[in-house]
Amino acid sequence: MSLENSYPRVTVAEAGRHNGETVEIAGWLYNLRRGGKICFPQLRDGTGIIQCVAVKSALPEDLFESLKNLTQESSLMIRGKIREESRAPGGYELDVEGADILQRVPEETPYPITPKDHGIDFLMDHRHLWLRSRRQNAAIRVRHEVIKGIRDYFDSHGFVLVDTPIFTPAACEGTSTLFEVDYFEDEKVYLTQSGQLYNEATSAAFGKTYCFGPTFRAEKSKTRRHLTEFWMVEPEMSYANLEDVKRVGEELVTFVVGRVSEHRREELKVLERDVTKLESIQAPFHRMSYDEAVVKLQAKGSEIVWGGDFGNTDETLLTEGLDRPVMVDRYPTAVKAFYFQPADDRPEVALGVDFIAPEGYGEIIGGGQRIHSLELLKQRLQEHNLPEEAFNWYLDLRRYGSVPHAGFGMGVERFVAWMCGLEHIRETIAFPRMLYRTRP
RNA sequence: UCCUCGGUAGCUCAAUGGUAGAGCAUUCGGCUGUUAACCGAAGGGUUGUAGGUUCGAGUCCUACCCGAGGAGCCA
């Protein structure tokens, strides 16, 4: 069957701009309501859904019958005139003049996802088809906008994209959460859990860099905020300190939120996201030290003591009643990774910062200033029982023109979940990988 | 890994220890403006698996499998 004909092909999203014109729309049958002599096929093409009208008296007998007997998600191209119509969902309707049915879904094997309710297990098993539904489509489009916004921000602020390896020979921060890859002959290799250490090398080569790719954590986490495989953007800046991280992180977040609320209004509407919640995310974000956070949490009844890390409930308590993220800085050195620069006046706290999103979405950014002293870094490696030999290249960065430098990581899926107001981050990626789910 | 909850028709769910049911989906019939269309009819079941208690188990007990929510850990 030829896909070429004399009708101009338009998408559903463009249909409103072709009011009164005869066009062709190619898509899949979303739903069908029928009467004896009239039927309403709703066509989905990935950009939207448009209702079509087929009237028996105006069409060849076989065409009307084949349209009337269409099954859900059958693929077809429909030709006809676009007309403004208040009764139609979407405001426009297409009067059918002709159609080519490419594949009719057989009734023996009907499309499994009906317009009625389904459970999450069933939907996740059919993720490859679930992506066709309106809400999933909207969430993935928001993800696209978030990624584009992130890249546009860094590209226009002097950062160079330098991607870091997925196969890495050593842990970045610890050894307990790594996936081992049994392939390379000479040494054990793991899937990356951060591009951090390599970013420190590339930022000394290019000034300011970022990497953007998948990361892997072999944690037995089973919550709505965790994926085994997730995407992270990690910028790194030479001649920069903790304050630069806070400033750039704040700019990045407000820029991307602005992009999403400006360009993805339709998708946010489908997701029933309260857009005013996004519009109130403006600089300056709230700022507090770890010390202050602990006092605040204790006042709210948390059992946290100075020196411990925050749990999920602590993070939610910290942003309770806030309309924008809170930046918590200067964590105890002991709970942070070995490479964090200690504060000059208080070596027991590290120059790190976490951005905690409101509405219970938790930590979306974590980062800080890195150690630039060769001696101190060597000492830290010893304290953490890390083999100096393996980090020799990393130590070189402190031997050859060492400067204060800083950076952070931002998790894409948590950010998207926050933008979309989703309960679970599994809907922010096309094919989520989780503890008990690796298919499809 | 631990705690809690769940698994019955293709899907979503009912069913005092006593004859396994409804809605949707599918098929057939009706309807020229439907909005998760509606009306009428039909087909559709090894109640997650294996044991046990009982005259009798979807229901009670034990083990296992699968999933969901949470904890810890993290982005």
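Naming convention: chains lettered A, B, ... in sequence-line order (proteins, then strands); numbering from 1 in each chain.
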**Asked** Any idea how A:F355 and A:F408 line up, ring-wise: parallel (<30°), tilted (30 to 60°), or perpendicular (>60°)?
**Response** parallel

**Message:** For the P atoms, the ones on B:U46 and on B:G58, what distance do you get once it is rounded to whole angstrom?
**Reply:** 13 Å

**Prompt:** Atom CZ of A:F64 to atom P of B:U32: distance rounded to whole Å?
**Reply:** 9 Å

**Message:** If the threshold is 4.0 Å, N to carboxylate O, is there a salt bridge linking A:R225 and A:E413?
**Reply:** no

**Message:** Within the 4.5 Å heavy-atom criterion, are A:H144 and A:E267 side-chain neighbours or not?
**Reply:** no

**Asked** Just wondering, are more than 12 heavy atoms of other shown residues or ligands nearer than 6.0 Å to CZ in A:R134?
**Response** no

**Prompt:** According to a strict under-4.0 Å criterion, is A:K37 in side-chain N/O contact with OP1 or OP2 of B:U32?
**Reply:** yes

**Item:** Under 3.5 Å donor-acceptor pair, A:Q51 side-chain atoms to B:U34 base atoms
**Value:** yes

**Request:** Quick one: label A:D354 by what it contacts on the DNA or RNA (base, sugar-phosphate, nothing), any heavy atom closer than 4.0 Å.
**Result:** nothing

**Item:** Atom-to-atom span, CG of A:L94 to C1' of B:U34 - whole angstrom
**Value:** 16 Å

**Prompt:** Has A:H424 got a side-chain N or O lying under 4.0 Å from the OP1 or OP2 atom of B:G69?
**Reply:** yes

**Nearest-nucleotide pick for A:R414, side chain only, options being B:G72, B:A75, B:G70** = B:A75

**Complete:** From CD1 of A:I38 across to C1' of B:U32 the rounded distance in Å is 5 Å

**Request:** Remember a base hit wins even if backbone is also touched, and classify A:K56 as base, sugar-phosphate or nothing at under 4.0 Å, heavy atoms.
**Result:** nothing

**A:T71 (side chain) and B:U26 (base): donor-acceptor pair under 3.5 Å** = no

**Asked** A:T109 side chain to A:V105 main-chain N or O, any donor-acceptor pair under 3.5 Å?
**Response** no

**Request:** Let me know the distance between CZ of A:F122 and P of B:A25, rounded to the nearest Å.
**Result:** 14 Å

**Request:** Looking at every strand, decide which applies to A:D121 at a 4.0 Å heavy-atom threshold: base, sugar-phosphate, or nothing.
**Result:** sugar-phosphate

**Message:** Just to be sure I understand the rule, does A:P112 reach a base, reach only the sugar-phosphate, or reach nothing, if contact means heavy atoms closer than 4.0 Å?
**Reply:** nothing

**Message:** I want to confirm an ordering. Mapping A:E107 and A:L435 to their closest nucleotides on RNA chain B, which one lands closer to the 5' end?
**Reply:** A:L435

**Request:** Look at the side chain of A:T223 and decide which nucleotide, out of B:G33, B:A75, B:G72, has an atom nearest to it.
**Result:** B:G72

**Message:** Go nucleotide by nucleotide along RNA chain B from the 5' end; which of A:I364 and A:V55 gets its closest nucleotide reached first?
**Reply:** A:V55

**Request:** Using only heavy-atom distances, decide whether a donor-acceptor pair under 3.5 angstrom links the side-chain of A:S221 to the base of B:C73.
**Result:** yes

**Request:** Write down the distance separating the P atoms in B:G44 and B:A22, rounded off to the nearest Å.
**Result:** 13 Å

**Request:** Hunt down any stem RNA chain B takes part in, defined as 3 or more consecutive Watson-Crick or G-U pairs whose two distances are each under 3.5 Å.
**Result:** B:1-7 with B:65-71, B:10-13 with B:21-24, B:26-30 with B:38-42, B:48-52 with B:60-64

**Message:** Rounded to the nearest 0.5 Å, what separates atom CZ in A:F159 from atom CZ in A:F212?
**Reply:** 14.0 Å

**Request:** Could you tell me the separation between the OH atom of A:Y436 and the P atom of B:G6, rounded to a whole number of Å?
**Result:** 18 Å

**Asked** Between A:R247 and A:E250, is there a side-chain N and carboxylate O pair less than 4.0 Å apart?
**Response** no

**Asked** Considering only heavy atoms and no angle criterion, is a donor-acceptor pair shorter than 3.5 Å present between the side chain of A:R225 and the base of B:C73?
**Response** no

**Item:** B:A42 to B:C24 separation - C1' atoms, rounded to the nearest Å
**Value:** 16 Å

**Message:** So, does A:N312 get its side chain near the phosphate of B:G70, meaning an N or O under 4.0 Å from OP1 or OP2?
**Reply:** no

**Asked** Over how many whole Å does the gap from A:E73 atom CD to B:G10 atom P extend?
**Response** 21 Å

**Message:** Can you identify which nucleotide, out of B:A36, B:G33, B:G70, has its nearest atom closest to the A:V53 side chain?
**Reply:** B:G33

**Item:** A:R34, nearest nucleotide to its side chain (from B:C31, B:C24, B:U12)
**Value:** B:C31

**Asked** Is A:L227 touching bases, backbone alone, or none of the nucleic acid, heavy atoms closer than 4.0 Å?
**Response** base

**Gap in Å between the two P atoms, one belonging to B:G6 and one to B:C61, rounded** = 11 Å

**Under 3.5 Å donor-acceptor pair, A:H226 side-chain atoms to B:C74 base atoms** = yes

**Prompt:** Could you state the OH-C1' distance from A:Y331 to B:C74, rounded to the nearest angstrom?
**Reply:** 12 Å

**Message:** Can you tell whether the side chains of A:D125 and A:R437 come within less than 4.0 Å, N to carboxylate O?
**Reply:** yes

**Complete:** To the nearest angstrom, the CE-P distance between A:M124 and B:A68 comes to 8 Å

**Message:** Taking the P atom in each of B:G29 and B:G17, what is the distance between them to the nearest angstrom?
**Reply:** 45 Å

**Request:** Looking only at side-chain atoms of A:R437, point me to the closest of B:G33, B:G67, B:U12.
**Result:** B:G67

**Message:** Counting only heavy atoms from other residues, nucleotides and ligands, does the tally under 6.0 Å from NZ of A:K300 exceed 12?
**Reply:** yes

**Request:** May I ask whether A:F230 stacks on the base of B:A75, given the cut-offs of 5.5 Å between ring centres and 30° between planes?
**Result:** yes

**Message:** For B:U32 and A:R87 - does any side-chain N or O of the residue sit under 4.0 Å from the phosphate oxygens OP1/OP2?
**Reply:** no

**Request:** Name the nucleic acid region contacted by A:E234, choosing base, sugar-phosphate or nothing; use a 4.0 angstrom heavy-atom cut-off, strictly under.
**Result:** nothing

**Request:** Between B:A75, B:C11, B:U34, spot the one nearest the side chain of A:F40, thanks.
**Result:** B:U34

**Asked** Only one of A:T22, A:D100, A:D95 clears side chain to side chain donor-acceptor pair (under 3.5 Å) with A:R79; which?
**Response** A:D100

